[in-house]
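Throughout, protein chains are lettered first and strands after them, A, B, ... in sequence-line order, and every chain is numbered starting at 1.
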Amino acid sequence: MDLLDGLNPAQSEAVQIKSGPLLILAGAGSGKTKTLTNRIAYLIANDSVMPSEILAVTFTNKAAREMRERLGVLLKQSSAHRGFMPWMGTFHGICVRMLRIDGEAVGVPKNFVIYDEDDRQGLVKQVMKRLAISDNDIKAKSVSAAISSSKNEMVSPEEYEASAQAPYQKNVAKIYKKYEELRKIAGALDFDDLLIEVVHLLRESSTVRTKWQKNFKHILIDEYQDTNAAQYNIIKLLVNDQRNICVVGDDWQSIYSWRGADFTNILNFERDFKGAKVIKLEQNYRSTGNILDAASNVIAKNVNRTDKKLWTTVGPGAPVQVHELYDEAEEANLVAERISSHVAMGARKFGDFAILYRTNAQSYTLERAFLRFRVPYQIVGGVRFYDRKEIKDIIAYLRLTYQPQDRMSFSRIVNIPTRGVGAMSLEKFLLWQSESGMDIITALASVEQTSTITAKAKSALADLGEKLRSAQSDLETTSPNEIIEKILSLTGYRQYIADGTPQAEEREANIGALLSDAQNFATLPDFLEEVALMSSADTSSDGQKVTLMTLHAAKGLEFPVVFIVGVEEGILPHAMVYEAGTAELEEERRLMYVGMTRAREELHLTYAASRIQFGVRSYNPVSRFIEDMGNQVALSAPVAPHFTPSQEFYSDELFTVGEHVRSSSFGTGEVVEVDGLALTIKFDNGQTKKLNIEYARLEKI
DNA sequence: TCATTTAACGTTTTT
DNA sequence: CGTTAAATGA
């Protein structure tokens, strides 16, 4: 197969440039991923570069997976086996691999665990408690954010402390310092540490640096506009004298500056790598003319941007359609109804549609409308599978057996299932454990020696220690799957979650899903890494469902029909940026641009005259971005509000005592008392609940 | 110590 | 509005 087939001249040139720095400025829908993939294939097939000598960084795990599969097809190789393109992945994933190999050179333990946002906030809370800093004026969440941005800018606790002026900052500095201390003791790295520890590693050990520089003959970075300071440093440290670095990006699509991403990295590429070749991809293969023009008009209002002119040979297509609605329920109904009728007509399938919104909270109303219209949907983002309580519990057990210094995990599971160890006993035990110098599992075995803990708690802790030690034995040779099974049976976790409610079945099913996931991994650290770094945007779609997601999560995707909902002042642009300044407003504009350019054939924008936000009804004016689009849009007259029942299960039939009902949340039961809208129901699992007819979603059976 | 009730609080986006 | 943390009572 000719690897240049189907490429335009600019793409083809980008594929064939053999060496030296290369900057590909790729507009939305210009075939950027295709170019990158073919370039890698070309390097392997024509320049005899080994796959293991190519460092290829993508923005999400999903993007990496897809690119790996496409490469497999292009090169007629199986992409399934481990080791095919071992260095293709996200920055975070690649950094984990490097740290597992060489991290000890900078004091990163071999068996480090990865703390996610929840873990970080939990540890911050512990630190604040210990430092006796009240959470009234300082919130763990904002401290966590401050630590994260400091790390992204490579500011150490000491440097932060030195520059702290206000008492607030001084307190944050204290917390940051102590947080780092405890995190290190726990043998853990947070997301941001993964990057900065690699920077330390490459800076401090010239042996390690030279080794990797020699290994990576080619470096390719996708979405370069979204790299932060730490990532930029990693790239600079890995590039060798050959300077075979190729970056792809689009400053118009930079939407992660709040996470430390700095799109000036892409603007400065030619300065950083002198003599770089620059190729612009400006032909758009995705959207119709009207969509492209409207999107270009929106982005044109930004001052801080490069110039480029996207064009297409596809005709103008349908105009962008703007719909004004009465409220958020009407908005959701319009979307659901349109989709359902288009599919009924046979014009589209459900998988052709995507609904994009600015905030996750907006998905709620849409979901309800979709349920009512029986439109199958799938949410990308939102609660990750690995963030569910029962999954996190089991992961905590796994992490603790793997890294017995991990106090966060221990604190989580010490009383799960409940074994009579409360907050007091936990605190006393941890205090004693940290003074003793033993790891947690060893300390549990010697818990008899302590004087402060009650006898009941002592025996519970000793028993837990016994179980953990048994799970810990032959960790090296046991598959993740077997370890999970072992933990489940040792702790009786399955019985613990089986409480007779319908949710219990779901939890049980989730554990089953976890077990089958785990089967794909040979070793525990591999599995734990996947769990930690798998993002919520990595959910794969099966093409049979409507996709709901945030505008951020939509980056890099495309759909025949796109709805962007809530195109209102205060939402898009978000109210948070009004006081923040023009830079933030420009980012909102880029976000709008990214959303619009996801559409291939049809783009619908909706806004509601009123909607409930934070529990109160608010009235947002239409977004300025719609005005900016110019005359590519068709405004549809506002639809007069029509009555919609507030709940799908609401019925005007009255319930009477003795009737059997089914509730979506409690299972089946019998009505024992009726008091106006209030029903008292005795459920089959033994509980008795007082429910409101209007909201309880009851079904007669 | 634990389960149930009550209060407070929050919504920007996420590797 | 919906979720989660604190407070209360058993």
Side-chain angles (χ1 to χ4, degrees), chain A residues 57-64 89-96 114-118 120-121 125 135-136 139-142 144-145 148-149 151-152 190-195 223 226-228 230-231 254-261 328 356-365 368 380-384 387 389 414-426 454 456-457 460 499 529 532-538 549-555 566 570-578 580 584 587-588 590-592 594-595 611-618 646 687 689-690 695:
Chain A
V57 184
T58 58
F59 196 70
T60 62
N61 293 300
K62 188 180 169 192
T90 62
F91 268 108
H92 291 83
I94 284 160
C95 287
V96 169
I114 303 167
Y115 276 6
D116 65 14
E117 185 55 33
D118 279 355
R120 169 152 64 195
Q121 273 178 41
K125 276 180 194 161
D135 56 0
N136 289 332
K139 282 174 209 89
K141 203 172 181 183
S142 56
S144 170
S148 178
S149 56
K151 288 187 172 184
N152 280 325
D190 63 32
F191 280 146
D192 306 308
D193 292 322
L194 297 175
L195 304 175
E223 309 282 10
D226 285 319
T227 47
N228 65 26
Q231 292 165 342
S254 164
I255 54 174
Y256 282 95
S257 71
W258 49 273
R259 210 169 79 190
E328 76 277 12
L356 310 180
Y357 36 79
R358 177 68 238 263
T359 69
N360 278 308
Q362 289 169 260
S363 72
Y364 181 75
T365 324
R368 286 210 318 208
V380 175
V383 183
R384 293 188 320 162
D387 282 342
K389 276 187 214 72
V414 66
N415 204 29
I416 288 176
T418 43
R419 47 173 75 88
V421 181
M424 281 303 282
S425 310
L426 172 65
T454 62
K456 199 175 102 195
D499 57 1
E529 176 192 326
L533 298 182
M534 174 67 102
S535 83
S536 49
D538 289 329
M549 63 187 144
T550 64
L551 288 157
H552 282 88
K555 188 167 90 159
I571 295 179
L572 186 60
H574 197 274
M576 293 289 260
V577 310
Y578 288 159
E584 282 76 8
E587 181 145 317
E588 295 290 306
R590 291 193 294 267
L591 196 52
M592 184 77 207
V594 167
R611 75 173 62 234
I612 291 175
Q613 287 175 290
F614 318 101
V616 285
R617 187 156 289 283
S618 56
S646 59
Q687 311 180 286
K689 294 268 174 197
K690 205 165 190 177
Y695 300 109

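- Within the 3.5 Å criterion, the main-chain N or O of A:D190 finds a donor-acceptor partner in the side chain of A:D193.
- Listed by chain and number, the residues in a ring-ring contact (aromatic ring centres under 6.0 Å, His included) with A:H574 amount to none (sequence neighbours excluded).
- Note: CG (A:D226) to C1' (B:dT13) measures 12 Å, nearest angstrom.
- For the pair A:N152 CG and B:dT15 C1', the computed distance is 10 Å after rounding to whole Å.
- Atom NE2 in A:H552 sits 11.5 Å away from atom OG1 in A:T359 (nearest 0.5 Å).
- Of the side-chain N and O atoms in A:N415, one or more sit less than 4.0 angstrom from OP1 or OP2 of B:dC2.
- In this structure a side-chain-to-backbone donor-acceptor pair under 3.5 Å is missing from A:Q121 to A:D118.
- The separation between A:N61 atom CG and B:dT14 atom P is 15 Å, rounded to whole Å.
- For the pair A:L551 CG and B:dT13 P, the interatomic distance rounds to 11 Å; values are reported in whole Å.
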Practice problem: Please report the C-alpha distance between A:R611 and A:T365 in whole Å, then the side-chain angles of each, then the deciding distance to 0.1 Å, and finally whether the side-chain contact (heavy atoms from CB on, under 4.5 Å) criterion is met. | Solution: CA-CA 10 Å; A:R611 75 173 62 234; A:T365 324; over 6 Å; no
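- Across the interface with DNA chain B, nearest-nucleotide mapping of A:K456 and A:L533 shows A:K456 to be the residue nearer the 5′ end.
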Using nucleotides 9-12 of chain B, report all nitrogen or oxygen pairs with the protein that are shorter than 3.5 Å.
residue, atom, partner, partner atom, Å
B:dT11, OP1, A:K141, NZ, 2.8
B:dT11, OP2, A:K141, NZ, 2.8
B:dT12, O2, A:R358, NH1, 2.8
B:dT12, O2, A:R358, NH2, 2.0

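- Ring orientation note: the planes of A:Y256 and A:F59 are tilted relative to one another, at an angle of 30° to 60°.
- Atoms CG and CZ, from A:L551 and A:R590 in turn, are 13.5 Å apart once rounded to the nearest 0.5 Å.
- With 3.5 Å as the limit, one finds a donor-acceptor pair spanning the side chains of A:E587 and A:S257.
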Exercise. Go through the steps for A:I255 and A:W258 under the test side-chain contact (heavy atoms from CB on, under 4.5 Å), then give the verdict.
Key: CA-CA 8 Å; A:I255 54 174; A:W258 49 273; 5.7 Å; no
Using a cutoff of under 3.5 Å, can you pull out all pairs of nitrogen or oxygen atoms linking the protein to nucleotides 2-8 of chain C, with atom names and distances?
residue, atom, partner, partner atom, Å
C:dG2, OP1, A:Y364, OH, 2.6

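- A:K555 places its NZ atom 11 Å from the C1' atom of B:dT15, with the value rounded to the nearest Å.
- When the P atom of B:dT14 is taken as reference, atom CD of A:E117 falls 12 Å away, rounded to whole Å.
- In terms of phosphate contacts, A:S425 brings a side-chain nitrogen or oxygen within less than 4.0 Å of OP1 or OP2 of B:dT1.
- What separates CZ of A:R419 from C1' of B:dC2 is a distance of 15 Å, to the nearest Å.
- One interatomic measurement links the two molecules: CD of A:Q121 to C1' of B:dT14, which rounds to 13 Å at whole-angstrom precision.
- The same atom, C1', is picked in B:dT12 and in C:dA5; the two are 23 Å apart, to the nearest Å.
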